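Accompanying notes for the structure given below.
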Amino acid sequence: IEPASLAAGPEGGKFMQTLAGKTKIIQTMFVAPLLVIFTGLLMYWPVSGGLSGRWIVSGPGLALTIGSLAGLLAFVSGLVVNRPAAERLAALSREMQSAGKPPSPEQMAELRAQQERLSRGGLYSAVLLAVSVIGMSVARVLQF
């Protein structure tokens, strides 16, 4: 969504403001990973033999453990970086809209900084999620 929003210019910014401020996407992006983490823990316990150290250091164990940790780090990154940046962007947007005048240079600088923070956090989360998916996908075939 972000590249298309940036390419759309000011209208893309309005779309992102609406998406973040008038929908439940921020809450959904918090609850959905919690459900995935919870179900993952429920599945990890029996597969690991009750957290057997011997299994965890096996090929499948390492792959699932690394994938799980990467997924957890992606969630924490979203919680610590992405969510506050998205909330601040929404607040800035409301401030600028209610002012009824063009944004000040300071507001524009903060807006750009929060957009950059959100973009960078999204990239980190995407990389961590890719590691997570790959780790969990190859776990069955790794035997050493």
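Being a predicted model, the structure only gives us computed values, none of them experimental.
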Min side-chain heavy-atom separation [X]-[Y] under 4.5 Å:
{"X": "Leu89", "Y": "Leu118", "answer": "yes"}
{"X": "Arg120", "Y": "Leu123", "answer": "no"}
{"X": "Tyr124", "Y": "Val81", "answer": "no"}
{"X": "Phe75", "Y": "Val36", "answer": "no"}

For the hydrophobic clusters of this structure (ILVMFWY residues joined by side-chain heavy atoms under 4.5 Å, transitively), does one cluster hold both [X] and [Y]?
{"X": "Leu72", "Y": "Leu79", "answer": "yes"}
{"X": "Leu51", "Y": "Val57", "answer": "no"}
{"X": "Val133", "Y": "Val76", "answer": "no"}
{"X": "Met136", "Y": "Met43", "answer": "no"}

Shared-cluster residues of Val131, by chain and number - hydrophobic side chains joined below 4.5 Å |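 Noted: Val131 shares its cluster with Ile66.
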Connected-component partners of Phe38 among ILVMFWY, side-chain separation under 4.5 Å |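 Leu42, all in the cluster of Phe38.
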For Gly121 and Ser77, which heavy atoms make the closest approach, and how far apart are they?
->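 That closest heavy-atom pairing would be O-OG, 4.0 Å.
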Looking only at heavy atoms, which two atoms of Ala63 and Gly135 are closest? And how far apart?
->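 Reported closest heavy-atom pair: CB-O, 3.4 Å.
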Tyr44, OH: over 12 other non-hydrogen atoms inside 6.0 angstrom |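 Counting other residues, nucleotides and ligands, OH of Tyr44 exceeds 12 neighbours.
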Looking at Glu87 and Arg83, does any basic side-chain N land under 4.0 Å from a carboxylate oxygen?
->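 Judged by the 4.0 Å cut-off on N to carboxylate O distance, Glu87 and Arg83 do form a salt bridge.
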Using a strict cut-off of less than 4.0 Å between a Lys/Arg side-chain nitrogen and an Asp/Glu carboxylate oxygen, indicate whether Glu110 and Arg117 qualify as a salt bridge.
->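 Salt bridge flag = no for Arg117 with Glu110.
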Sequence neighbours left out, what pairs pass side chain to side chain donor-acceptor pair (under 3.5 Å) with at least one residue falling in residues 45-56?
->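 For residues 45-56, and leaving out neighbouring residues, there are no side chain to side chain donor-acceptor pair (under 3.5 Å) pairs at all.
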Can you tell me how far OG of Ser132 sits from CG of Leu64, rounded to the nearest 0.5 angstrom?
->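 One finds 9.5 Å between CG of Leu64 and OG of Ser132.
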For the atom pair CD (Glu106) and CG (Leu111), what is the distance rounded to the nearest 0.5 Å?
->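 It is 13.0 Å, given to the nearest 0.5 Å.
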